[in-house]
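The basis for the numbers below is simple: all heavy atoms, side chains too, and nothing from hydrogens, waters or symmetry mates.
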Amino acid sequence: MVLANTTDKKNPIYIQSQNQSINMETGIITFTGNIVITHSTIEIYADKVIITYSNKNSNSASIIKGYGQPIKIYCFFEKNGEKIYAQSEKICYDINNNIILLTDNAYIKKINGTIKSDCISFLIKEKRIEAFSTNSRQQVVTTLLHPEIFKSK
């Protein structure tokens with residue numbers, strides 16, 4: 001489990017996979033097979049990942065797109081000890097803006113409840129989750145809250 005206060009785009013991204021392909025012309029790196037990504041505050045498990053650099057001459061990744069059945073994401077907030085588990089079929093991790101967008105069967109589980117939706121945005125720096133439907137079938141956002149969050153302290 002990793003610590004999710006805020007990610008630092010200067011921190012290295014560690015990636016393990018069975019295969020990788022680097023297009024030196026475009027600066028796009030593709031990973032396939034049992035991928036594990038660790039970036040200072042987040043662990044991502046996926047089947048396929050494509051990393052794009054904002055500038056092909058840059059040493060700094062800007063976007064990580066992942067695909068899986070499902071992709072799994074784990075975070076741990078050091079200050080309050082909160083753990084977050086998320087999964088979806090696709091993710092887009094915008095490293096520069098500290099945002100993870102989960103799409104297609106998106107699901108987040110926190111200590112005080114769960115959220116299911118077509119699309120969920122996790123704003124890491126702000127510690128905020130937004131769920132919405134982008135589906136023309138008007139899929140609803142489903143939230144389950146546990147009663148203990150309403151107990152007075």
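- Lys48 pairs by the side-chain hydrogen bond (donor to acceptor under 3.5 Å, both in side chains) definition with nothing, not counting sequence neighbours.
- In this view, Asn97 and Asp94, Ile99 satisfy the side chain to side chain contact (heavy atoms under 4.5 Å, CB included) rule, not counting sequence neighbours.
- Minimum interatomic distance between Ser117 and Ser133 (heavy atoms only, all atoms of both residues): OG-N, 4.2 Å.
- Atom OG1 of Thr32 sits about 4.0 Å away from atom CG of Asn19, to the nearest 0.5 Å.
- Looking at Ile50 and Ile29, their side chains never come closer than 4.5 Å, going by heavy atoms from C-beta outward.
- Taking both residues in full, the closest heavy atoms of Ile44 and Tyr93 are given as CD1-CD2, 4.0 Å, listed atom of the first, atom of the second, then distance.
- What you find for Ser88 and Ala106 is that their closest heavy atoms are CB-CA, 3.8 Å.
- How far SG of Cys75 is from CD1 of Ile124: 6.5 Å, rounded to the nearest 0.5 Å.
- Looking at residues two or more places apart in sequence or on another chain, you find no side-chain hydrogen bond (donor to acceptor under 3.5 Å, both in side chains) involving Gln20.
- Between Ile95 and His39 the shortest side-chain heavy-atom distance falls below 4.5 Å.
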Show the numbers, then the answer: is there a side chain to side chain contact (heavy atoms under 4.5 Å, CB included) between Ser21 and Phe31? CA-CA 6 Å; Ser21 171; Phe31 299 88; over 6 Å; no
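- When every heavy atom of Tyr67 is checked against every heavy atom of Ala46, the shortest pair comes out as O-CB, 3.7 Å.
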The test is side chain to side chain contact (heavy atoms under 4.5 Å, CB included); show your working for Ile73 and Ile42 and say whether it passes. CA-CA 7 Å; Ile73 302 169; Ile42 296 168; 3.7 Å; yes
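- To the nearest 0.5 Å, atoms OG (Ser17) and CG (Asp47) are separated by 12.0 Å.
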Give the intermediate values and the outcome of side chain to side chain contact (heavy atoms under 4.5 Å, CB included) for residues Ile115 and Ile120. CA-CA 8 Å; Ile115 301 169; Ile120 298 174; 4.0 Å; yes
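- Taking Asn34 as the reference, Gln18 meet the side chain to side chain contact (heavy atoms under 4.5 Å, CB included) condition, with sequence neighbours excluded.
- Listed for the Asp118 side chain is no donor-acceptor partner under 3.5 Å among the backbone atoms of Thr103.
- Within the 4.5 Å cutoff, the side chain of Ile37 has heavy atoms near those of the Ile13 side chain.
- Smallest separation of non-hydrogen atoms from Lys90 and Asp104: CE-OD2, 3.2 Å.
- Ring geometry for Tyr74 versus Tyr45: interplanar angle over 60°, hence perpendicular rather than tilted (30 to 60°).
- The distance from atom OH of Tyr107 to atom OG1 of Thr114, rounded to the nearest 0.5 Å, is 5.0 Å.
- When side chains are defined from C-beta on, Ile35 counts as touching Ile15, because their heavy atoms get closer than 4.5 Å.
- Distance check: Lys109 NZ to Gln87 CD gives 10.5 Å after rounding to the nearest 0.5 Å.
- Lys116 NZ to Asn105 CG: the interatomic distance, rounded to the nearest 0.5 Å, is 9.5 Å.
- Minimum heavy-atom separation, Ile71 to Gly68: CG1-N, 3.3 Å.
- In this structure, the side chains of Thr30 and Val49 stay at 4.5 Å or more apart for every pair of heavy atoms.
- Side-chain contact between Leu123 and Ile129 is absent, with no heavy-atom pair separated by less than 4.5 Å.
- In this view, Tyr14 satisfies the side-chain hydrogen bond (donor to acceptor under 3.5 Å, both in side chains) rule with no residue, not counting sequence neighbours.
- Partners of Gln16 according to the side-chain hydrogen bond (donor to acceptor under 3.5 Å, both in side chains) rule, which considers only residues two or more places apart in sequence or in another chain, do not exist here.
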